[in-house]
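Just below is one structure, and these are the notes that go with it.
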Protein chains: 2
Amino acid sequence: MSLRHAMLGLLADRPASGYDLMKRFETSLSNVWPATQSQVYGELGKLTKAGLLEVAAQGPRGRKEYAITDEGRAELRRWLTEAGPDPVRRSEVLLRVFFLNHLTPVEATAYLMGEAERAAGQHRALEEVERNVDWGDDPLSVNGRLALEYGMRFMAMREEWARWAVEELGKARR
Amino acid sequence: MSLRHAMLGLLADRPASGYDLMKRFETSLSNVWPATQSQVYGELGKLTKAGLLEVAAQGPRGRKEYAITDEGRAELRRWLTEAGPDPVRRSEVLLRVFFLNHLTPVEATAYLMGEAERAAGQHRALEEVERNVDWGDDPLSVNGRLALEYGMRFMAMREEWARWAVEELGKARR
DNA sequence: AGCCGACATGTCAACAGTGGAATGTAGGGT
DNA sequence: ACCCTACATTCCACTGTTGACATGTCGGCT
């Protein structure tokens with residue numbers, strides 16, 4: 001149920017059409033909360049009916065510009081301050097690790113080395129992002145920087161763990 | 001589509017009933033890939049129809065004991081060795097971070113401190129698990145240990161990041 | 001003998017997310 | 001004047017996940 005809050009968050013900055021929102025999902029939010037166009041337009045309808053959004057203006061090609069209402073702002077704040085229950089963590093990576101004993105030691109090691117490589121690659125990609133984004137002074141990018149740092153630390157951790165796990169597997173074999 | 005592979009992985013060790021599988025999902029796998037009973041029974045049916053499982057024996061109370069077939073084992077191996085595309089990462093935590101500018105600095109700081117606390121709490125919980133599990137020599141627990149270590153490193157990273165983010169927020173305010 | 005708790009399976013409605021297709025309009029460049 | 005691209009919305013079918021409900025039986029304890 002976080003898509004609605006993502007949309008409220010985006011619209012709290014400034015009004016936008018569904019199309020505008022899609023672009024922002026594709027760029028800034030894609031690594032945090034991806035959404036498809038069907039979802040976005042569907043949710044816009046629901047949120048409007050629920051009174052959290054309103055159609056502030058109509059434009060050319062049937063464009064509807066949505067704006068957040070006071071009620072919507074209240075809901076956004078509620079969600080932000082509420083200490084959510086620990087998010088469900090599903091990890092396909094860990095699921096594979098759990099069943100690694102069904103592979104040969106060589107295959108298992110190869111898998112973990114691959115994990116390390118993938119993590120390293122994504123880490124490099126994030127470093128690239130860091131270099132390319134122009135960090136204006138707007139408050140938005142402060143948050144973006146926090147999220148980026150999280151991603152980089154996460155990838156570093158994944159790589160280190162995978163390399164450590166390779167070692168462990170080697171020890172266990174002896 | 002990983003539920004099916006989780007089930008194949010469990011059944012590759014030994015045959016089990018839906019009920020047995022549920023218990024294993026609730027204990028060892030709950031932190032990696034939770035599943036509900038409706039899902040498990042539904043998937044058992046689908047996997048059997050697809051020829052990846054077979055009903056190996058019938059027991060008392062309508063108990064059906066499922067066993068993995070050769071085809072199922074092949075599929076499990078395929079899934080384990082295939083380098084999956086980078087898994088979609090949705091993070092409610094980061095989504096909140098993105099919109100932290102809609103809170104007052106005090107509230108935002110409180111949120112991040114809360115995150116640090118939650119991560120620390122989960123870290124302690126995992127340490128507890130580590131102490132309580134009896135690490136037999138069976139190959140299964142080797143994998144379990146790898147997964148556990150991942151969890152602990154992850155929680156440590158989350159806590160450190162959150163404390164760092166509090167600092168950053170403080171700097172930005174000045 | 002009777003009962004309770006663990007064993008055991010099945011079904012259903014609802015929601016969230018994916019991916020694709022259909023449809024149409026406005027505006028800028030040639 | 002024309003066309004292409006970007007803008008813009010809507011609908012649909014399918015899979016995965018959740019949670020609740022319904023139903024029934026075996027085995028051991030009192």
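Each chain gets a letter, A, B and so on, in the order its sequence line appears, and its residues count up from 1.
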Does [X] put a side-chain nitrogen or oxygen below 4.0 Å from OP1 or OP2 of [N]?
X: A:Arg63; N: D:dA8; answer: yes
X: A:Tyr41; N: D:dT10; answer: no
X: A:Lys64; N: D:dT10; answer: yes
X: B:Tyr19; N: C:dC7; answer: yes

(request) Mind checking A:Met1 for me? I need base, sugar-phosphate or nothing, with any heavy atom below 4.0 Å counting as a touch. (result) sugar-phosphate
(message) Using a heavy-atom cut-off of 4.0 Å across all strands, would you classify A:Arg4 as base, sugar-phosphate, or nothing?
(response) nothing
By nearest atom, which of the nucleotides [options] is closest to the [X] side chain?
X: A:Leu3; options: D:dT25, C:dG17, D:dT17; result: C:dG17
X: A:Trp33; options: C:dG10, C:dG17, D:dT9; result: C:dG17
X: A:Thr36; options: C:dA6, C:dG17, C:dT18; result: C:dT18

(request) Evaluate the criterion side chain to side chain donor-acceptor pair (under 3.5 Å) for residue pair B:His5 and B:Glu75; output intermediate values, then yes/no. (result) CA-CA 8 Å; B:His5 297 112; B:Glu75 168 60 16; 2.7 Å; yes
(request) Tell whether B:Gln39 reaches the base of D:dT18 with its side chain through a donor-acceptor pair below 3.5 angstrom. (result)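 Absent.
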(request) May I ask you to check if B:Arg4 and B:Trp79 form a cation-pi contact, with NZ or CZ under 6.0 angstrom from the six-membered ring centre and within 45° of the axis? (result)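 The answer is no, since B:Arg4 fails at least one limit relative to B:Trp79.
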